[in-house]
Amino acid sequence: MPLIERIVKFSLTHRFQTHIIFWLIVALLFMNRYDIEEYRQLDSIIYRQIYYISVTMLASYFLAYLIIPKLMGSKNYFEVVVYFIAGSYLISACSRIAVIYLLEPLIRTPPFAQESLWQILSDLPKLVTHYFALSFSAAWVFAFVKLIRDQYVVQQRSLMLEKEKAETELKALRSQLNPHFLFNTLNNIYSLSLMNSPVTSKSIAGLSEILDHVLYRCNTAYVPISSEIKLIENYLALEKLRYDERLQISFEYVTNHQAAIAPLILLSFVENAFKHGAGMDAGNPFIAINLQLNNNRLRFKVMNSLLDEPPGTDGNGLGLNNVTRQLDLLYPSQYELNIKRINHTYEVELEIDLGDVNNALAI
């Protein structure tokens with residue numbers, strides 16, 4: 001955890017202790033105002049320190065909790081300036097009154113002259129050059145530290161909200177994808193049952209394995225790529241039962257190490273190839289799938305035969321729209337997706353840099 005985050009968390013959970021620590025540091029810094037001879041009069045130093053800390057605290061909380069919030073949230077800057085000038089004048093005047101009527105009687109030997117209230121309140125040059133500077137000496141530091149902390153908290157809260165929003169959207173997309181996949185697969189089994197095919201029971205067993213993966217192993221953000229490869233193999237085996245030898249299917253993959261990937265991303269492209277390729281081609285359809293994983297760089301390519309579609313037909317379908325959105329959420333600026341149609345061939349190429357995810361997961 002970064003140091004600044006630790007400090008911010010401590011200040012949020014221990015506000016009172018944080019303020020005490022800050023003012024103790026200020027008090028130690030104020031000790032530099034005295035020379036060696038003055039340290040012999042300890043009671044005088046204590047009285048002066050109490051005065052310095054009191055007026056500085058008053059100015060600091062006035063600046064940090066009244067002026068800056070008004071400045072950040074108000075559109076009437078003239079009003080904020082008036083508040084600041086009036087408050088600064090009152091604090092400076094109170095500071096000088098405290099010196100003349102409270103501090104000096106404690107640390108000076110009488111008799112000595114004292115200014116009247118009118119002299120104190122009307123001596124603006126003295127109030128500005130001495131008492132304003134003294135009262136607000138540490139107030140700017142206090143206000144700056146609080147502003148930085150508040151901005152950091154706002155930024156972290158904003159990031160958290162964005163993360164929660166992305167996770168919610170991702171769950172919504174997957175909730176659309178899973179029923180979509182299930183609907184297509186059940187249609188396949190339904191077609192087999194209408195033909196009283198002997199492989200219907202085998203198809204149901206294959207579907208059971210696929211659903212086990214989808215329902216129980218895809219609840220995490222990332223899964224081993226080996227499990228996604230196994231899922232594709234089960235899906236292809238299920239589809240082969242439906243198309244027999246009429247459909248030419250090839251699936252080649254090479255992985256030189258284990259890696260993690262978002263679940264169901266790759267299957268969506270395979271499913272789309274069957275829906276818009278083999279499922280619509282009554283001739284000799286083909287689907288060719290190639291997967292390569294090298295140094296956390298995934299290259300996935302799906303090619304399928306494709307008949308001419310009526311104008312206005314969306315060849316991507318619900319599945320690819322959702323999976324593209326998932327890629328945007330999970331791999332921003334880390335993937336390239338190219339979809340092209342050449343004559344009667346539909347081709348999807350996906351490249352993902354899995355390095356950041358796998359480094360974070362320490363796979």
Side-chain angles (χ1 to χ4, degrees), residues 1-35 38-39 44-104 106-107 120-121 123-160:
M1 182 184 298
L3 179 61
I4 185 174
E5 188 171 346
R6 294 182 181 181
I7 295 174
V8 169
K9 284 190 174 182
F10 179 83
S11 67
L12 291 174
T13 55
H14 305 87
R15 289 179 179 270
F16 181 75
Q17 293 91 325
T18 303
H19 285 250
I20 293 297
I21 292 172
F22 179 85
W23 292 117
L24 285 175
I25 294 174
V26 173
L28 290 175
L29 294 176
F30 277 154
M31 295 295 290
N32 293 326
R33 300 171 63 92
Y34 313 112
D35 55 34
E38 289 180 299
Y39 278 100
S44 175
I45 291 178
I46 293 175
Y47 294 142
R48 291 166 70 178
Q49 284 289 88
I50 293 174
Y51 160 74
Y52 290 140
I53 295 299
S54 298
V55 297
T56 304
M57 288 179 65
L58 181 62
S60 298
Y61 291 118
F62 164 73
L63 187 63
Y65 288 93
L66 181 62
I67 296 302
I68 290 182
K70 281 186 173 294
L71 187 63
M72 300 289 290
S74 176
K75 295 181 180 180
N76 190 349
Y77 297 114
F78 177 77
E79 179 185 5
V80 179
V81 172
V82 171
Y83 271 111
F84 177 71
I85 294 175
S88 300
Y89 171 78
L90 289 176
I91 292 172
S92 300
C94 290
S95 175
R96 190 173 182 187
I97 291 172
V99 168
I100 293 176
Y101 290 100
L102 295 177
L103 183 60
E104 287 188 348
L106 293 173
I107 65 175
I120 293 173
L121 297 177
D123 192 357
L124 293 180
K126 185 75 171 180
L127 293 178
V128 172
T129 59
H130 183 74
Y131 289 94
F132 175 82
L134 173 66
S135 302
F136 284 84
S137 58
W140 304 107
V141 177
F142 180 87
F144 177 75
V145 171
K146 183 180 182 298
L147 182 62
I148 293 298
R149 191 205 67 175
D150 291 348
Q151 290 300 313
Y152 182 83
V153 171
V154 170
Q155 182 184 27
Q156 292 300 110
R157 186 179 292 115
S158 178
L159 291 175
M160 184 65 67

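Quick note: residue numbers are just sequence positions, from 1.
Contact between T129 and A133 at its shortest, heavy atoms only, is O-CB, 3.7 Å. Listed here is the closest heavy atom pair of A139 and S60: CA-OG, 3.1 Å. Closest approach of R96 and L127 over heavy atoms only: CD-CD2, 3.9 Å. I107 approaches S44 most closely through the heavy-atom pair CG2-OG, 3.6 Å. Among all heavy-atom pairs drawn from S54 and I50, the shortest one is OG-O, 2.6 Å.
Here the CZ atom belonging to F132 is positioned 13.0 Å from the CG atom belonging to L124, to the nearest 0.5 angstrom. The structure places NE2 of H19 at 5.0 Å from CZ of F142, a figure rounded to the nearest 0.5 Å. Separation of atoms OG1 (T56) and OH (Y51) is listed at 8.0 Å; rounding is to 0.5 Å. Rounding to the nearest 0.5 Å gives a distance of 8.5 Å between NE2 of H130 and OG of S135. The OH atom of Y83 lies 13.5 Å from the CG atom of L71; values are rounded to the nearest 0.5 Å. The CD1 atom of I67 sits 7.0 Å away from atom OG of S88, with the distance rounded to the nearest 0.5 Å.
Ring centroid separation for the pair W23 and F30 does not come in under the 6.0 Å cut-off.
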- Criterion side chain to side chain contact (heavy atoms under 4.5 Å, CB included) on M72 and D150, from CA distance to verdict: CA-CA 12 Å; M72 300 289 290; D150 291 348; over 6 Å; no
- Message: The test is side chain to side chain contact (heavy atoms under 4.5 Å, CB included); show your working for L102 and L106 and say whether it passes.
- Response: CA-CA 7 Å; L102 295 177; L106 293 173; 5.7 Å; no
- For side chain to side chain contact (heavy atoms under 4.5 Å, CB included), just list the numbers for L90 and F62, CA-CA rounded to whole Å, side-chain angles, deciding distance to a tenth of an Å, and then say yes or no. CA-CA 11 Å; L90 289 176; F62 164 73; over 6 Å; no
- Task: Kindly indicate, with the supporting measurements, whether the criterion side chain to side chain contact (heavy atoms under 4.5 Å, CB included) is fulfilled by K146 and F22.
- Result: CA-CA 11 Å; K146 183 180 182 298; F22 179 85; over 6 Å; no
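No more than 12 heavy atoms of other residues, nucleotides or ligands lie within 6.0 Å of CZ in F144, so this atom counts as exposed by the packing criterion.
No donor-acceptor pair closer than 3.5 Å links the side chain of S95 to the backbone N or O of I91. Looking only at distances, a side-chain donor or acceptor of Y89 sits under 3.5 Å from a matching main-chain atom of L121.
The aromatic rings of F136 and F84 sit perpendicular to each other, their planes meeting at more than 60°, with 30° as the lower class boundary.
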